[in-house]
Amino acid sequence: MNKIKKKQIVYLDFMILMIALGASDALRGVFAPIFQTHFALTASRLSAIITVSYLGNLVFLLVGTRFADRYSMKRVFAGVTVMWLCALGLYITTDNFYVLLIGMFFSMGASTLLNTMVNLLSPLLFAAPGMVINTLFFTQGIGTSASQGVIGNMADGYGWWKGVNGVLFLMGTVSLILFLMLDIPEREKEGVKDKNDKNSLKQQLTQPVFWYFFLIFGFYFIAEHGIMNWLVIYCQQQLGMETGRASLYLAMFFGGMTVGRLVMSPFVQKLGALKSICVFGGIGTVLYIGALVPNSEKTMILMGIAGLFLSIVYPTLVYAIQGFYPSGSVASATGTIISAATVFDIGFNAIFGKIIDAAGFRTGFMILPVSLALFIVIFIVFTMGVKPLKQV
């Protein structure tokens with residue numbers, strides 16, 4: 001099998017997996033009303049699903065990426081895929097709320113880790129990793145959009161939950177079989193045995209680069225995830241829109257995200273990761289602030305354009321981490337940074353409702369543009385003061 005054909009199979013494999021992962025991640029929100037009805041859940045028990053998902057992300061990223069640095073990337077990737085498939089198997093074969101929570105812990109944690117590992121593996125497999133990573137995240141966006149749009153409109157009972165996860169199980173199984181047939185190169189493990197290397201958690205936490213990335217990812221998470229979770233309610237209660245119209249603006253933002261990862265990927269490869277984030281992230285930040293700060297429906301159209309430019313930020317940020325750590329500690333450093341930054345998500349969601357109750361949506365929602373502004377400012381300061389070990 002020639003190299004070109006091998007790369008095509010790898011890309012096809014990752015594309016199938018990313019579509020399935022995108023759909024899997026979105027199902028939690030799509031089926032939330034069905035879960036609430038089927039299991040007779042209170043709001044607090046329903047929110048436990050989100051909390052357990054975040055815990056899964058934390059544990060899998062922190063532990064799984066350290067395994068990826070220590071052992072074979074191929075074996076770890078395959079093992080995590082099997083864990084994700086087992087979680088889907090729980091969904092298909094059981095009908096119990098507590099088993100659902102266990103499944104959420106493993107499926108969401110494994111899904112986030114697999115996303116990260118696709119990002120880590122791409123530079124080993126493709127000559128233009130920056131472009132490939134963003135196109136793969138574009139395919140993930142297709143899975144997310146399809147599940148939100150199609151399944152969200154059709155699903156009317158718990159049977160749909162089992163059926164959709166059955167389809168995802170088949171897609172994941174096909175992806176795993178293809179992956180096991182491939183010859184995956186390994187990263188060099190230089191520095192892992194050195195007591196002073198950056199692979200140890202203690203060493204990572206003492207490095208300024210870790211704290212820069214922690215803040216960069218954290219503030220970005222608040223801005224993007226805050227829109228995903230709260231934009232519809234904000235448009236309804238603050239701007240007086242109907243649900244359908246409010247949902248349209250959310251769809252425009254994430255539609256821009258999906259399209260942007262395809263359209264912008266060649267520019268990311270040409271400009272490089274750091275410059276791309278500065279340029280496209282900066283433009284997206286200005287548009288995002290322009291959409292929200294006036295507190296008017298007239299400016300909300302800018303959200304779709306903002307999504308187009310912000311689309312490359314997350315996958316390119318994850319890729320950029322590789323330029324600041326030795327190859328032997330990239331996976332664990334990436335997992336530590338992203339899992340630590342998840343604390344921003346947890347903290348924001350814990351206090352945001354209280355801020356809304358105390359000060360109103362207008363004041364509370366301004367946390368989002370402020371967070372995105374802090375993200376881009378800190379990133380620019382970071383790129384001016386910290387030089388990468390290798391070009392990304």
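Below, all heavy atoms of this structure are taken into account, side chains as well, without hydrogens, waters or symmetry copies. These numbers were taken from a predicted model, which means no experiment stands behind them.
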Can a donor-acceptor pair be found, under 3.5 Å and without considering hydrogens, that links the side chain of [X] to the backbone of [Y]?
X: T299; Y: N295; answer: no
X: S339; Y: G335; answer: yes
X: S24; Y: A20; answer: no
X: Y54; Y: I49; answer: no
X: N119; Y: P315; answer: yes
X: T144; Y: G22; answer: yes
X: Y234; Y: F361; answer: no
X: S311; Y: L308; answer: yes
X: T363; Y: G360; answer: no
X: Q236; Y: M241; answer: no

TODO: Tell me who clusters with I142, hydrophobic residues only, linked when side chains sit under 4.5 Å apart either directly or through other members.
DONE: F138, L262

Sub-4.5 Å side-chain heavy-atom contact between [X] and [Y]:
X: L136; Y: S122; result: yes
X: N115; Y: Q140; result: yes
X: F106; Y: I102; result: yes
X: Y314; Y: I338; result: yes
X: F35; Y: L100; result: yes
X: L372; Y: E224; result: no
X: M131; Y: K270; result: no
X: P208; Y: V386; result: no

TODO: Sorted by first residue and then second, give each salt bridge (charged side-chain N to carboxylate O under 4.0 Å, His left out) pair with at least one member in residues 288-298; sequence neighbours left out.
DONE: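 For residues 288-298: R245-E297.
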
Task: Neighbour count above 12 (heavy atom, 6.0 Å) for F267 CZ - done: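 Result for CZ/F267: open.
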
TODO: Give a yes or no on whether R362 atom CZ has more than 12 heavy-atom contacts from other residues, nucleotides or ligands under 6.0 Å away.
DONE: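 Enclosed.
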
- [ ] Go through the steps for F14 and S175 under the test side chain to side chain contact (heavy atoms under 4.5 Å, CB included), then give the verdict.
- [x] CA-CA 7 Å; F14 283 175; S175 173; 5.9 Å; no

Would a single hydrophobic cluster contain both [Y] and [X], if residues Ile, Leu, Val, Met, Phe, Trp and Tyr are joined by side-chain heavy-atom contacts under 4.5 Å?
X: Y71; Y: L182; answer: yes
X: V343; Y: L368; answer: no
X: I301; Y: I227; answer: yes
X: L239; Y: L231; answer: yes
X: L88; Y: L27; answer: yes

- [ ] Decide whether D69 and Y325 meet the rule of one side-chain donor and one side-chain acceptor closer than 3.5 Å.
- [x] no

Open item on the list: Under 3.5 Å, is there a donor on one side chain and an acceptor on the other for R261 and T139?
Closed with: no

Which value, rounded to the nearest 0.5 Å, describes the distance between [X] atom [atom1] and [Y] atom [atom2]?
X: M18; Y: M171; atom1: CE; atom2: CE; result: 12.0 Å
X: T342; Y: L58; atom1: OG1; atom2: CG; result: 5.0 Å
X: D95; Y: L90; atom1: CG; atom2: CG; result: 12.5 Å
X: F365; Y: Q237; atom1: CZ; atom2: CD; result: 11.0 Å
X: M104; Y: L55; atom1: CE; atom2: CG; result: 13.5 Å
X: R66; Y: T334; atom1: CZ; atom2: OG1; result: 11.0 Å

Open item on the list: Centroid separation under 6.0 Å, is that true for the rings of F379 and Y212?
Closed with: no

- [ ] Would you check if the distance from the ring center of F324 to the ring center of F213 is below 6.0 Å?
- [x] yes

TODO: Decide side chain to side chain contact (heavy atoms under 4.5 Å, CB included) for F348 and W230; before the verdict, give the C-alpha distance in whole Å, the side-chain angles of both, and the deciding distance to 0.1 Å.
DONE: CA-CA 12 Å; F348 170 75; W230 294 96; 3.9 Å; yes

TODO: Quick one: closest heavy-atom pair of S111 and L21, and the distance?
DONE: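 The answer is OG-CD2, 3.6 Å.
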
Task: Least distance between heavy atoms, F217 atom then A341 atom - done: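 It is CB-CB, 3.6 Å.
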
TODO: Could you label the plane-to-plane angle of the F210 and F214 rings as parallel, tilted or perpendicular, counting under 30° as parallel and over 60° as perpendicular?
DONE: parallel

Open item on the list: Testing F221, Y220, F219, F375 one by one against F344 for a ring-ring contact (aromatic ring centres under 6.0 Å, His included), which residue passes?
Closed with: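 Among F221, Y220, F219, F375, the one that satisfies the ring-ring contact (aromatic ring centres under 6.0 Å, His included) with F344 is F219.
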
TODO: Output every pair passing side chain to side chain donor-acceptor pair (under 3.5 Å) with a member in residues 154-174, not counting sequence neighbours, ordered by first then second residue.
DONE: D156-W160

